[in-house]
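Worksheet for the structure shown next.
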Amino acid sequence: AQKVTQAQTEISVVEKEDVTLDCVYETRDTTYYLFWYKQPPSGELVFLIRRNSFDEQNEISGRYSWNFQKSTSSFNFTITASQVVDSAVYFCALRGLGVSQGNLIFGKGTKLSVKP
Amino acid sequence: DSGVTQTPKHLITATGQRVTLRCSPRSGDLSVYWYQQSLDQGLQFLIQYYNGEERAKGNILERFSAQQFPDLHSELNLSSLELGDSALYFCASSVGSGSADTQYFGPGTRLTVL
C-alpha cells in the first residue's frame, strides 16, 4: 500500500526563522513521483514541486529547498528566512505507477504559522 | 491562478438533495481529477477522466457520479446528500494521464449540507 506521513501537525515559527517540514512515504513502486502543495488560508491548492524517484538531487527555488533521500523514504521541505506569507497548510503527495495512476496520495498536511 | 476554474465557489443545500459541481480544466489539459477534502478524511482522490473517458477510480461513493464532456469540462454529481458529504471538492487537471503529469488544482467548491 502507498502512504504518506507528515508527522508534524502544526508548526509555529517567528518570521525569519528557518523551518523544515517532514514527509515520509511508503511505496512498493520503483518509479514514483513526489509532490508538495501549499494551501493558503484562501483555500486553493498551489503546486510547488514535483520530483521523480530517479532524481535524488536536492532542489532550491528562492527561499524554498527540498531534500529527497530515497534511503530513508523522505522528501523534506525547508523554508529559509520564513515570512508571514508562508503561513499555510503544506501537503506532501505521492503518485506511483499502476492501475490507479490518477491517485495522488496526500499526507495529512502540516499547518505552518509564521508570526511577525 | 492555476487556470482551472470551478463553479460554484460555495454551495449550501439540504440532506437528500442533489447538486452538480462544474470544472473547466486548463487550456490544453486532457485529464480531469476530482478530490474531496474533509477534516476527518483529509484529501482523497475520487475519480479521473482522460479525454472523455473514465481512467481511474478512487473512494467515490455510489451516490456520486462524474463525467467529462467533449469540450473537456467535467461535472461531479452528488445525490442523496448526507451531512457527512460536507467538504471542499477540488478539481485538478493535467496534460496527460500519467504519473509524471503534474496536477493543477482549481479553487475548490465548498459544499455545506444542512
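A, B, ... follow the sequence lines: proteins, then strands. Residue 1 opens every chain.
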Closest non-hydrogen atom pair between [X] and [Y], with its separation:
X     : Y     : result
B:F90 : A:E44 : CE2-CA, 4.3 Å
B:L88 : A:Q39 : CD2-NE2, 4.0 Å
B:S99 : A:F35 : O-CZ, 4.1 Å

Does [X] have more than 12 heavy atoms from other residues, nucleotides or ligands lying within 6.0 Å of its [atom1]?
X      : atom1 : answer
A:K3   : NZ    : no
A:K111 : NZ    : no
B:L83  : CG    : yes
B:R110 : CZ    : no
B:L114 : CG    : yes

Can you tell me how far the [atom1] atom of [X] sits from the [atom2] atom of [Y], to the nearest 0.5 Å?
X     : Y      : atom1 : atom2 : result
B:D40 : A:K108 : CG    : NZ    : 8.0 Å
A:L45 : B:Y104 : CG    : OH    : 13.5 Å
A:R50 : B:D101 : CZ    : CG    : 7.5 Å

With ring centroids as reference points, do B:F45 and A:F106 lie under 6.0 angstrom apart?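 So the answer is no for these two rings.
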Can the ring centres of A:Y37 and B:F105 be said to be less than 6.0 Å apart? yes
Please tell me whether [X] and [Y] are part of a single hydrophobic cluster in this structure, the criterion being side-chain heavy atoms less than 4.5 Å apart.
X     : Y     : value
A:V4  : A:V24 : no
B:L11 : B:L78 : yes
B:F69 : B:W34 : no
A:L48 : A:Y25 : yes

Go through the steps to decide whether A:N103 and B:K57 satisfy the test side-chain contact (heavy atoms from CB on, under 4.5 Å), and finish with yes or no. CA-CA 8 Å; A:N103 203 359; B:K57 219 167 184 176; over 6 Å; no
B:T102 versus chain A, heavy atoms under 4.5 Å apart: side chain, backbone, both or neither? both
Go through B:S2, B:S31, B:A100, B:S94 and name the one with the most non-hydrogen pairs under 4.5 angstrom from chain A. B:A100
Heavy-atom side-chain proximity of A:L104 to B:Q44 below 4.5 angstrom: no
Is a side-chain N or O of A:R95 found less than 3.5 angstrom from the main chain of B:G98, in a donor-acceptor match? yes
So, the part of A:Y32 with a heavy atom under 4.5 Å from chain B: the answer is neither
